[in-house]
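First up is the structure itself, then whatever we jot down about it.
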Amino acid sequence: MTINPISSLTIMGGVDKDGKDEPVRYVEIVAGEIVGIVGPTGSGKSTLIDDIEQLAQADTPTGRTILLNGQRPDESIRADPRRKLVAQLSQKMHFLADMTVEEFLCMHARSRGKDESLFSKIVELGNTLTGEPIYPKDHLTSLSGGQSRALMTADIAVISDSPVVLIDEVENAGIKKQEALKLLAGEGKIVVVVTHDPVLALMSSRRIVIRNGAMVNLIDTSHQEQEICTKITNVDNWMLSLRETIRRGDIVEDKI
């Protein structure tokens, strides 16, 4: 099944936890853009991505409305799981199916009407996102959490028709998170990421600030923030490399 191209997703504001209109009334996100969602724990970040996942039509507690290409989505899109437009990648992700990586990816490709040979590209991409190698004959149930998320990130980028990807707090998920976001955005996906991580927040072109269940501000990432992001990304990559060195049982010799 082919899904019509989605060039934009619009969030129309609703109400906060007290029933008051949220200050930010309109957010449009375009294909290939990464937008962050930031705010204190319990502020309502996950509720916002739930509204997006459900393509809410003023029928959730927040009263928000989600538009696709500036229009209300057809009700059949919301009701039919086969036409699902939104994919989610969460921090807690494990497989239950007792299949090999190759079997699973080939099955998914067939279900989407795509070439089964894509499985090798997905495994290759997945291995660029994790320090633990993934092999086609590995059983899904034997994969670690980081391997599972890396594999699903690559799968979403290559096979999935879902034009919108929601990422919920992957900062401690055991994958190269910056590369994962760049991969998805580079495939023309609309990427919305809930995060407390300064690297991911500053990688976003904009970030929605949530407080008391409401979108209270929309911040454009400044040039200065982009420069700061580059500096802390280098530190973050060094920490990831150090983690892999220790995991392998090697001696740490590099100096900071």
Side-chain angles (χ1 to χ4, degrees), residues 3-74 77-78 84-90 156 162-171 177 180-182 184-226 229:
I3 294 174
N4 292 330
I6 302 298
S7 60
S8 69
L9 180 147
T10 304
I11 307 168
M12 305 295 293
V15 297
D16 65 13
K17 293 180 180 180
D18 298 322
K20 298 178 181 178
D21 287 347
E22 51 188 334
V24 175
R25 306 300 301 166
Y26 179 93
V27 180
E28 183 179 54
I29 308 170
V30 299
E33 184 178 11
I34 302 170
V35 170
I37 301 176
V38 300
T41 299
S43 60
K45 301 186 296 297
S46 294
T47 300
L48 175 53
I49 64 170
D50 285 345
D51 282 342
I52 297 172
E53 195 275 334
Q54 298 174 56
L55 299 178
Q57 297 298 301
D59 53 1
T60 66
T62 66
R64 294 186 182 116
T65 296
I66 306 299
L67 306 179
L68 299 175
N69 295 341
Q71 304 292 323
R72 291 179 180 269
D74 188 275
I77 292 177
R78 302 183 68 200
K84 192 173 181 63
L85 298 180
V86 181
Q88 281 213 43
L89 184 66
S90 67
I156 289 170
S162 302
V164 182
V165 182
L166 306 178
I167 303 178
D168 195 357
E169 299 187 20
V170 296
E171 41 261 42
K177 47 189 181 284
L181 264 64
K182 290 176 182 177
L184 294 168
E187 292 294 325
K189 308 282 187 181
I190 292 170
V191 182
V192 180
V193 55
V194 172
T195 188
H196 296 287
D197 187 317
V199 174
L200 296 184
L202 297 181
M203 271 188 67
S204 305
S205 60
R206 294 173 292 162
R207 55 193 185 272
I208 302 169
V209 182
I210 303 291
R211 191 176 301 122
N212 193 36
M215 299 185 293
V216 297
N217 200 2
L218 181 62
I219 302 174
D220 291 323
T221 302
S222 67
H223 179 68
Q224 182 180 9
E225 287 180 326
Q226 291 172 357
C229 182

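What you are looking at is a predicted structure, and each value in this text was computed from that prediction instead of being measured. The analysis underlying the following values was restricted to heavy atoms, covering all of them including side chains, and did not include hydrogens, waters or symmetry mates.
Between V27 and R206 the shortest heavy-atom distance is CG1-NH1, 4.3 Å. Across every non-hydrogen atom of A201 and V38, the tightest pair is CB-CG1, 4.2 Å. Across all non-hydrogen atoms, the minimal contact from L55 to I77 is CD1-CG2, 4.0 Å. Nearest approach of Q88 to I49, heavy atoms of both residues: OE1-CD1, 4.2 Å.
Within the 3.5 Å criterion, the main-chain N or O of I34 finds a donor-acceptor partner in the side chain of S205. Within the 3.5 Å criterion, the main-chain N or O of I210 finds no donor-acceptor partner in the side chain of K45. With N212 contributing its side chain and A214 its backbone, the two residues share no donor-acceptor pair below 3.5 Å. Judged purely by atom type and a 3.5 angstrom limit, D59 uses its side chain to pair as donor or acceptor with the backbone of Q57. Looking at D21, its side chain never comes within 3.5 Å of a backbone N or O of V15 through a donor-acceptor pair. In this structure, R78 contributes its side chain and P73 its backbone to no donor-acceptor pair below 3.5 Å.
Taking 4.5 Å as the limit, every side-chain heavy atom of T195 sits out of range of all side-chain heavy atoms of R207. Here the side chains of N217 and P23 are not in contact, with every heavy-atom distance at 4.5 Å or above. Counting heavy atoms from C-beta outward, S46 and D168 have side chains that approach closer than 4.5 Å. In this structure, R72 and L67 have side chains that are in contact, with non-hydrogen atoms separated by less than 4.5 Å. With a 4.5 Å cut-off on side-chain heavy atoms, S8 and N69 count as touching.
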**Report entry** Criterion side chain to side chain contact (heavy atoms under 4.5 Å, CB included) on L9 and L68, from CA distance to verdict
**Finding:** CA-CA 5 Å; L9 180 147; L68 299 175; 4.0 Å; yes
Requested in this report: Check the pair L184 / I167 against side chain to side chain contact (heavy atoms under 4.5 Å, CB included), numbers first and verdict last.
Outcome: CA-CA 11 Å; L184 294 168; I167 303 178; 3.8 Å; yes
Query - Trace of the side chain to side chain contact (heavy atoms under 4.5 Å, CB included) decision for I208 with I11 - result: CA-CA 11 Å; I208 302 169; I11 307 168; 4.2 Å; yes
Query raised in the report: Under the side chain to side chain contact (heavy atoms under 4.5 Å, CB included) criterion, do S204 and V193 qualify, and how do the steps go?
Result: CA-CA 8 Å; S204 305; V193 55; 4.0 Å; yes
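For the atom pair L202 CG and S222 OG, the distance stands at 8.0 Å (nearest 0.5 Å). In this structure, the separation between CD on Q71 and OG1 on T10 is 9.5 Å, given to the nearest 0.5 Å. Atom OG1 of residue T41 and atom NE2 of residue H196 lie 4.0 Å apart, to the nearest 0.5 angstrom. In this structure, OG1 on T47 lies 7.0 Å from CG on D51, to the nearest 0.5 angstrom.
Results of the side-chain hydrogen bond (donor to acceptor under 3.5 Å, both in side chains) test with E22 over K17, R211, R64 single out R64 as the only residue that passes.
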